[in-house]
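Below: one structure, written as structure tokens.
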Amino acid sequence: MSILRDISPNVRNIRHSELLALGRQACGIKEKLKQGVRKPYKEVIDVSWGDPHRTGVKPLSFVRQVLAACLYPQLVNSDTLPVDVRQRAQRLLGACKGGSVGSYSPTRGIADIQHNVSKFISQRDGGVPSVPENIFLTSGSQVAIMHILNILVNSEGQPRTGVLTPVPGYSSANMALEGLGGAIVPYYLNEELCWELQIDELRRALQSAKGVCNPVALYVINPGNPTGHIQSRKSMEEVIQFVSQEKLFLLADEVYQDNVFGEGSEFVSYKRVLAEMGPPFSDTVELASFHSVSKGLMGECGLRGGYVELVNLDPNVMKYTFTLFSTDSGAAVTGQIALDLMVNPVQPGDPSYPLYNKETQHIRTMQVHNAKRVTEVLNSLPGFSCQPVKGGAFAFPRVHLPPRAIQKAKEEGMPPDHFYCSRLLEDTGLLVSPGCEHGQREGTHHIGFCIMTPVDILEEVLRRLARFHTQFMKDFSSTERLE
Amino acid sequence: MGQQPITFVRQVVALCCFPELLDSPGFPDDAKQRAQRILQGCGGRSLGSYSASQGVECIRQDIAAYIQQRDQGVPADWDNVFLTTGASDGIMSILKLLVSGQGESRTGVMIPIPQYPLYSAAISELEAVQVNYYLDEDECWALDVRELQQRYQDAKQHCQPRVLCIINPGNPTGQVQDKKCIEEVLHFAYEENLFVMSDEVYQDNVYSPDCQFHSFKKVLYEMGPEYFNSVELASFHSTSKGYTGECGFRGGYMEVLNMDPEVKAQLVKMLSVRLCPPVSGQAAMDVIVNPPKPHEPSYAQFTKEKNLVLDALAQKAKMTEEILNSVPGIKCNPVQGAMYAFPQIFIPPRAIQEAQALSMAPDMLYCLRLLEETGICVVPGSGFGQREGTFHFRMTILPSTEKLKILLTKVKDFHLKFLQEYSAQETTQENQHRET
């Protein structure tokens with residue numbers, strides 16, 4: 001039998017996920033509830049992932065109608081569905097080989113959809129040209145991130161290939177890097193300045209990598225995950241200058257670009273900023289931009305639709321990139337269809353527009369409301385401090401854990417914020433993500449939870465959290481309490 | 001290729017996608033019931049929610065039940081079942097898990113020649129050592145365990161062979177391994193402590209009346225507890241083949257057996273990095289393992305559609321073999337299963353020389369010429385691997401019977417022309433030679 005020692009060291013080196021462990025605890029609780037075990041709550045509320053549908057947000061009707069018609073083309077000829085839905089499904093089916101979503105699609109994706117994505121990018125970026133051949137549609141942006149990292153990382157190399165990644169950041173990207181034998185070079189976002197990215201910190205991080213690994217890339221997430229920070233154009237220009245100077249490949253994870261709601265906040269893509277900086281930057285800086293149907297207004301995480309656009313890559317590298325992507329045998333067609341609907345949404349005047357507008361407006365209003373409500377409630381609770389949430393899908397408040405709680409966590413062999421989340425889950429049925437999952441400055445603790453949730457669910461989340469937190473802080477601050 | 005999707009599959013997935021259709025009279029109750037069960041297992045009752053990285057729990061349970069039934073009662077634990085993004089995702093993941101070591105202890109992966117090139121690509125990407133074992137074309141592409149043993153011994157000189165990949169039914173060869181052969185292979189794996197990966201995506205594509213699909217797991221079970229409780233096995237299946245042909249859904253699963261619990265935990269951790277497989281593909285997989293039962297409303301139509309596809313494939317398999325074998329210079333083994341013919345083609349020496357001058361494989365030259373002159377696109381045997389000095393091409397048997405017949409006639413005409421073109425002057429040269 002293969003034992004641990006026989007398996008890939010790169011796989012073994014992938015960090016253990018605290019959130020996965022909490023997920024297992026949640027499964028155990030759900031099982032007990034199903035069996036009728038009495039608890040102070042009737043159900044587990046899981047807001048630990050950036051997964052709006054899981055929390056109860058409804059999918060956009062137009063998206064699901066078109067998908068259903070593509071899956072079951074008999075619907076195209078019936079009048080169960082609005083005419084623009086049927087027309088769109090017909091067009092999309094025409095773009096699929098053999099007129100079926102069941103056919104393999106080409107490596108870069110279904111050509112029509114690839115072209116629509118390209119057009120969308122160009123339009124979004126004020127006319128900056130986009131070349132379809134530089135775009136790969138994938139089963140979720142995570143697949144694209146993994147492939148690009150695969151190209152950059154020399155798995156067996158000495159010293160190890162390094163990638164600068166943000167703290168706090170996106171744990172799955174870090175795990176992907178580790179799985180390839182790469183080294184994480186952390187750069188810390190500035191919590192006091194609303195999680196701003198600072199160039200000095202990038203420089204410090206790069207310096208720290210000397211002699212430890214060979215840094216080849218900088219991974220930025222904008223809007224931030226889990227921070228929700230929206231980068232200013234000036235900051236982005238500084239980042240581009242930095243990567244240009246240091247000859248780093250720029251990985252721009254922009255999946256939350258449609259989740260921008262802070263007043264005065266505006267998303268601009270790295271591609272646009274790069275193009276508008278002109279030569280030499282625009283001709284030389286290597287960039288990969290990632291987007292997805294999982295976030296934004298659609299929240300279609302389970303459909304697995306994403307893309308990467310590559311800029312300024314050496315043609316020979318593009319050749320190998322193509323070969324690597326081809327091993328997937330194409331992206332999930334349902335995800336590609338969702339991508340088409342994202343980049344080419346319903347327009348005013350279309351029959352489905354009124355409903356589409358109502359649904360999207362509702363989600364936008366919900367985001368703005370939730371962001372405000374969360375910061376308001378959390379900042380009113382002693383022991384919490386929450387930066388304003390300007391974008392993204394999460395709140396990531398700091399929890400000021402009492403020393404006795406930290407001590408107790410140590411005794412139980414878990415990171416303090418995992419301990420907090422575990423108790424929260426057990427006592428209230430609320431599952432949130434511990435800060436240690438995303439990374440944080442030493443000695444600080446946080447929790448992260450999705451705020452792309454229906455308003456009433458968020459109220460329940462905050463109610464359970466507030467009640468638990470108040471009790472927890474009391475229990476672990478009191479000096480008279482016996483162990 | 002013109003094959004129609006199975007109505008029931010599409011109905012269930014469409015219902016999952018747009019649950020408002022559950023109120024529509026246009027969908028049968030059994031489809032609605034399955035859709036509801038699947039949605040119940042999804043976060044927020046939506047296909048749009050991430051599933052657990054191993055897949056939706058009720059689907060994993062349905063797959064385990066299917067495997068158990070298929071294997072006539074051999075127990076299947078749903079905890080050993082993982083949904084994957086097509087079988088490729090599962091295959092890559094297992095290989096990624098198992099490749100380790102340096103230099104002479106670097107993991108060797110035994111693969112059949114000819115093979116499905118995902119294996120060689122994965123081995124290359126993971127910098128594992130590729131250990132080829134040749135299927136016997138003269139014995140209808142049979143796997144001879146002595147060949148495995150020989151290749152294993154040779155490979156031990158320069159690597160640590162730890163993984164044995166089998167494709168059954170075969171791609172591109174279509175051979176269906178008999179039970180005795182599978183037993184011998186498993187015995188060999190047991191002796192040498194190899195991890196067996198059995199790619200069984202074509203398990204529903206068996207055409208020859210003399211052949212039967214035997215799952216590696218079932219054969220292992222029948223070999224007794226000493227084998228069943230120790231040989232490490234990962235079996236793969238997919239929505240892409242069979243009678244559903246839903247390649248674009250990227251649906252699949254793997255079942256792992258006898259994996260050390262700590263190793264399994266590492267596998268789960270590794271799978272979590274890619275988040276989850278497309279939930280619509282998981283739903284399609286669920287329908288495949290849980291098709292309409294005889295008492296259900298959709299049973300009649302489902303069975304009719306399924307049999308139409310499989311009967312047509314069986315017919316086309318026979319026809320393709322016959323027509324290709326009628327061509328001088330083409331020899332085609334019986335297409336026992338899968339979806340391909342992989343005939344051996346005689347390429348005249350002059351054509352071989354021309355190919356060499358162009359720095360391309362001779363069968364690539366052949367295929368390019370075939371494409372240019374007839375518009376028919378096939379894949380050269382060099383893409384799959386073949387014995388030195390032999391040439392092949394792989395074509396699918398998927399076009400409609402009428403189209404296939406026309407296609408095969410064109411291939412025949414092309415081949416005869418090709419032979420003539422590259423033989424003619426040679427004959428003249430030979431004559432000249434003889435005269436001097």
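Residue numbers begin at 1 in each chain, while the letters A, B, ... track the order of the sequences.
- In this structure, a donor-acceptor pair under 3.5 Å is absent between the side chains of Ser49(B) and His53(A).
- Taken from CE in Met259(B) to CD1 in Ile7(A), the straight-line distance is 8.5 Å, to the nearest 0.5 Å.
- Here OG of Ser155(A) is found 8.0 Å from CG of Leu126(B). Values are rounded to the nearest 0.5 Å.
- Between chain A and the residues Gln11(B), Met1(B), Met270(B), the most heavy-atom pairs under 4.5 angstrom are made by Gln11(B).
- Most heavy-atom pairs under 4.5 Å with chain A, from the set Ser88(B), Gly281(B), Ala284(B), Ser280(B): that is Ser280(B).
- The minimum heavy-atom distance between Phe18(B) and Ala68(A), with the atom names listed, is CB-CB, 3.7 Å.
- Of the possible polar contacts, one joining the Arg304(A) side chain to the Cys276(B) backbone as a donor-acceptor pair under 3.5 Å is found.
- Looking only at side-chain heavy atoms (C-beta outward), Leu180(A) and Lys96(B) come within less than 4.5 Å of each other.
- A donor-acceptor pair under 3.5 Å is formed between the side chain of Gln142(A) and the backbone N or O of Val273(B).
- Neither the backbone nor the side chain of Leu194(B) comes within less than 4.5 Å of any heavy atom of chain A.
- Using modelled atom types, one side-chain atom of Ser100(B) and one backbone atom of Asp6(A) make a donor-acceptor pair closer than 3.5 Å.
- Remark: Glu300(A) CD to Ser46(B) OG distance equals 5.5 Å, nearest 0.5 Å.
- Contact of Leu118(B) with chain A is made through the side chain alone, with heavy-atom distances under 4.5 Å.
- Annotation: side chain of Cys17(B) is in contact with side chain of Leu67(A) (closest heavy-atom distance under 4.5 Å).
- Taking all atoms of both residues into account, the shortest heavy-atom contact from Arg15(A) to Lys269(B) is O-CD, 3.6 Å.
- The contact between Met146(A) and chain B is made entirely by side chain atoms (from C-beta outward), counting heavy-atom distances below 4.5 Å.
- Residue contact with chain A, scored on non-hydrogen atoms closer than 4.5 Å, involves the backbone of Val99(B) exclusively.
- Proximity of Leu303(A) to Val279(B): side-chain heavy atoms (C-beta onward) are nowhere separated by under 4.5 Å.
- Within the 4.5 angstrom heavy-atom criterion, no atom of Ser17(A) approaches chain B.
- Comparing Val143(A), Leu75(A), Thr323(A), Val293(A) by heavy-atom pairs within less than 4.5 Å of chain B, the highest count is held by Leu75(A).
- The part of Leu81(A) that comes within reach of chain B is its side chain, from C-beta onward, which places non-hydrogen atoms under 4.5 angstrom from that chain.
- With a 4.5 Å cut-off on non-hydrogen atoms, Cys70(A) touches chain B through its backbone but not through its side chain.
- Here the closest heavy-atom approach between residue Val11(A) and residue Gln266(B) is recorded as O-OE1, 3.4 Å.
- Other residues, nucleotides and ligands contribute only 12 or fewer heavy atoms inside 6.0 Å of the NZ atom of Lys97(A).
- Surrounding CD of Gln74(A) are more than 12 heavy atoms belonging to other residues, nucleotides or ligands, all under 6.0 Å away.
- Residue Pro117(B) does not touch chain A at all, counting heavy-atom pairs closer than 4.5 Å.
- With chain A as the partner, the residue from Asp89(B), Leu97(B), Val9(B), Thr85(B) showing the most heavy-atom pairs under 4.5 Å is Leu97(B).
- For Ala331(A), the part lying near chain B is the backbone, with the side chain staying farther off; criterion is any non-hydrogen pair under 4.5 Å.
- Contact of Val101(A) with chain B is made through backbone and side chain together, with heavy-atom distances under 4.5 Å.
- Taking CD of Glu20(B) as the start and OG of Ser61(A) as the end, the distance is 6.0 Å to the nearest 0.5 Å.
- Ser294(A) OG to Leu275(B) CG: the interatomic distance, rounded to the nearest 0.5 Å, is 8.0 Å.
- Only the side chain of Leu20(A) has a heavy atom closer than 4.5 Å to any heavy atom of chain B.
- When the candidates Gly44(B), Gly248(B), Gly101(B), Gly2(B) are compared by the number of heavy-atom contacts under 4.5 Å with chain A, Gly248(B) comes out ahead.
- Proximity to chain A is limited to the side chain of Arg162(B), based on heavy atoms less than 4.5 angstrom apart.
- Looking at heavy atoms from C-beta onward, Tyr72(A) lies out of side-chain contact with Pro5(B) at the 4.5 angstrom threshold.
- Here the closest heavy-atom approach between residue Tyr50(B) and residue Asp51(A) is recorded as N-OD2, 2.9 Å.
- For the residue pair Arg250(B) and Ser105(A), no side-chain donor N or O sits within less than 3.5 Å of a side-chain acceptor on the partner.
- Remark: side-chain polar atoms of Arg10(B) are paired, donor with acceptor, to backbone N or O of Leu71(A) under 3.5 angstrom.
- Of the atoms belonging to Cys16(B), it is backbone heavy atoms, and not side-chain ones, that fall under 4.5 Å from chain A.
- Within the model, atoms OG of Ser139(A) and CZ of Arg274(B) stand 10.5 Å from one another, a figure rounded to the nearest 0.5 Å.
- For Tyr320(A), no part lies under 4.5 angstrom from a heavy atom of chain B.
- For chain A, the nearby part of Phe27(B) is the side chain; its heavy atoms alone come within less than 4.5 Å.
- Counting heavy-atom pairs closer than 4.5 Å to chain A, the top residue among Met92(B), Glu125(B), Gln282(B), Glu127(B) is Glu125(B).
- Contacts between Thr7(B) and chain A at a heavy-atom distance below 4.5 Å involve backbone atoms as well as side-chain atoms.
- Of the two parts of Thr327(A), the backbone and the side chain both hold a non-hydrogen atom closer than 4.5 Å to a non-hydrogen atom of chain B.
- Contacts between Asp328(A) and chain B at a heavy-atom distance below 4.5 Å involve the backbone alone (N, CA, C, O).
- Across Cys247(B) and Ser103(A), no two heavy atoms sit closer than the pair CB-C, 4.3 Å.
- Contact count versus chain B (heavy atoms, under 4.5 Å) is highest, among Ile14(A), Leu324(A), Thr80(A), for Ile14(A).
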